[in-house]
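Take a look at the structure below.
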Amino acid sequence: MNDILYKIPPLFTVALGGLWYFATSQMRADKAIAIGVFVFSAILSLAFINIMGRFGRAFNGYLDNLNRLDGDYKVTIKPSKFPSTVKTIQHLLWVGTVISLVGAGYAAASSSAIPQAPPIPTAHALAPAGPP
């Protein structure tokens, strides 16, 4: 289960980071798409928080059974003054939710007159107009 626990956060990171990149790249072209993607990434973050909560409960049940089996020789870090790995990931996903909602708000509030980059000249535009 530890192997699964440490493979989950990179998957969340790739999903949210990819959505944020796409949303920011769409802010100039179509703000509605950018807002929608930011809102979807907030919803996805909330779903990931739920996934981590369920995983944490299953993981704790597994550890409890192992500790009962091991009896006096059990190895545990419960209770701890530090949050568990699952709780830490959940806290970071809450931060991701807030960032997504701030991104959606920024995209909605930004003026529609976002400066555009000048067009890249093509080879045809750079060719001489006629004979010298």
Side-chain angles (χ1 to χ4, degrees):
M1 288 195 80
N2 268 337
D3 185 46
I4 295 170
L5 177 63
Y6 291 107
K7 286 181 180 174
I8 291 173
L11 296 173
F12 294 165
T13 304
V14 167
L16 291 176
L19 287 171
W20 289 344
Y21 179 81
F22 178 71
T24 57
S25 70
Q26 291 299 308
M27 283 180 56
R28 287 193 176 136
D30 191 345
K31 287 189 343 180
I33 290 176
I35 293 167
V37 172
F38 275 127
V39 169
F40 178 71
S41 66
I43 293 168
L44 198 60
S45 292
L46 294 173
F48 289 160
I49 291 167
N50 182 46
I51 290 168
M52 287 308 301
R54 291 177 59 83
F55 184 85
R57 288 189 296 278
F59 196 78
N60 285 334
Y62 178 75
L63 289 178
D64 291 342
N65 286 338
L66 281 178
N67 287 338
R68 267 191 246 127
L69 182 67
D70 290 341
D72 292 337
Y73 301 104
K74 68 181 177 184
V75 177
T76 185
I77 58 170
K78 293 180 181 181
S80 175
K81 62 181 178 178
F82 298 109
S84 68
T85 303
V86 170
K87 290 292 180 195
T88 302
I89 294 167
Q90 285 179 311
H91 291 309
L92 292 171
L93 287 166
W94 277 112
V95 171
T97 303
V98 170
I99 291 172
S100 298
L101 293 174
V102 167
Y106 177 78
S110 65
S111 70
S112 59
I114 297 175
Q116 299 290 329
I120 298 172
T122 62
H124 178 70
L126 297 176

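Side-chain atoms are counted along with the backbone in the values below, which use heavy atoms only and exclude waters and symmetry mates.
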Tell me, please, which residues at least two apart from Phe55 pass ring-ring contact (aromatic ring centres under 6.0 Å, His included).
Phe59
Which is it for Met27 and Phe38 under the side-chain contact (heavy atoms from CB on, under 4.5 Å) test, yes or no, and what are the steps along the way?
CA-CA 11 Å; Met27 283 180 56; Phe38 275 127; 4.2 Å; yes
Drop me the distance from Asn60's CG to Asn65's CG, to the nearest 0.5 angstrom.
11.0 Å
Grouping I, L, V, M, F, W and Y whenever their side-chain heavy atoms are under 4.5 Å apart, do Ile4 and Phe12 come out in a common cluster?
yes
Residues two or more places apart in sequence or in another chain: which of them pass side-chain contact (heavy atoms from CB on, under 4.5 Å) with Tyr6?
Asn2, Thr85
Atom OG1 of Thr24 and atom CG of Leu19: how far apart are they, to the nearest 0.5 Å?
10.5 Å
For Met52 and Leu93: C-alpha separation, side-chain torsions, deciding distance, then whether side-chain contact (heavy atoms from CB on, under 4.5 Å) applies.
CA-CA 10 Å; Met52 287 308 301; Leu93 287 166; 4.2 Å; yes
Considering all heavy atoms, the nearest Pro9-Ile89 contact:
CG-CD1, 3.3 Å
Report yes or no: do Trp94 and Leu44 belong to one cluster of Ile/Leu/Val/Met/Phe/Trp/Tyr joined by side chain heavy-atom distances under 4.5 Å?
yes
Heavy-atom pair of closest approach, residues Lys87 and Pro83
CB-CB, 4.0 Å
Give a yes or no answer on whether the side chain of Lys31 reaches the backbone of Ser110 with a donor-acceptor pair at less than 3.5 Å.
yes
Hey, quick one: are Leu11 and Ile99 part of the same hydrophobic cluster, counting side-chain heavy atoms closer than 4.5 Å, chains of contacts allowed?
no
When rounded to the nearest 0.5 angstrom, what distance separates CG in Leu92 from CG in Leu16?
11.0 Å
Apart from Val98 itself, which Ile, Leu, Val, Met, Phe, Trp or Tyr residues share its cluster (side-chain heavy atoms under 4.5 Å, direct or through members)?
Val102
Contacts satisfying side chain to side chain donor-acceptor pair (under 3.5 Å) that involve residues 46-56 (not counting sequence neighbours) are none
List for me each residue that meets side-chain hydrogen bond (donor to acceptor under 3.5 Å, both in side chains) alongside Ser100, sequence neighbours excluded, and say none if there are none.
Trp20, Ser41
For residues Thr97 and Ser45, report the shortest heavy-atom separation together with the two atoms involved.
OG1-CB, 3.0 Å
Answer yes if Phe82 and Val95 sit in the same cluster of Ile, Leu, Val, Met, Phe, Trp and Tyr residues linked by side chain heavy atoms under 4.5 Å apart, and no otherwise.
no
Cluster question for you: counting only ILVMFWY and a side-chain heavy-atom cut-off of under 4.5 Å, with indirect links fine, are Phe40 and Ile49 together?
yes
Members sharing Ile35's hydrophobic cluster, built from side-chain contacts under 4.5 Å between Ile, Leu, Val, Met, Phe, Trp and Tyr, are Val39, Ile43
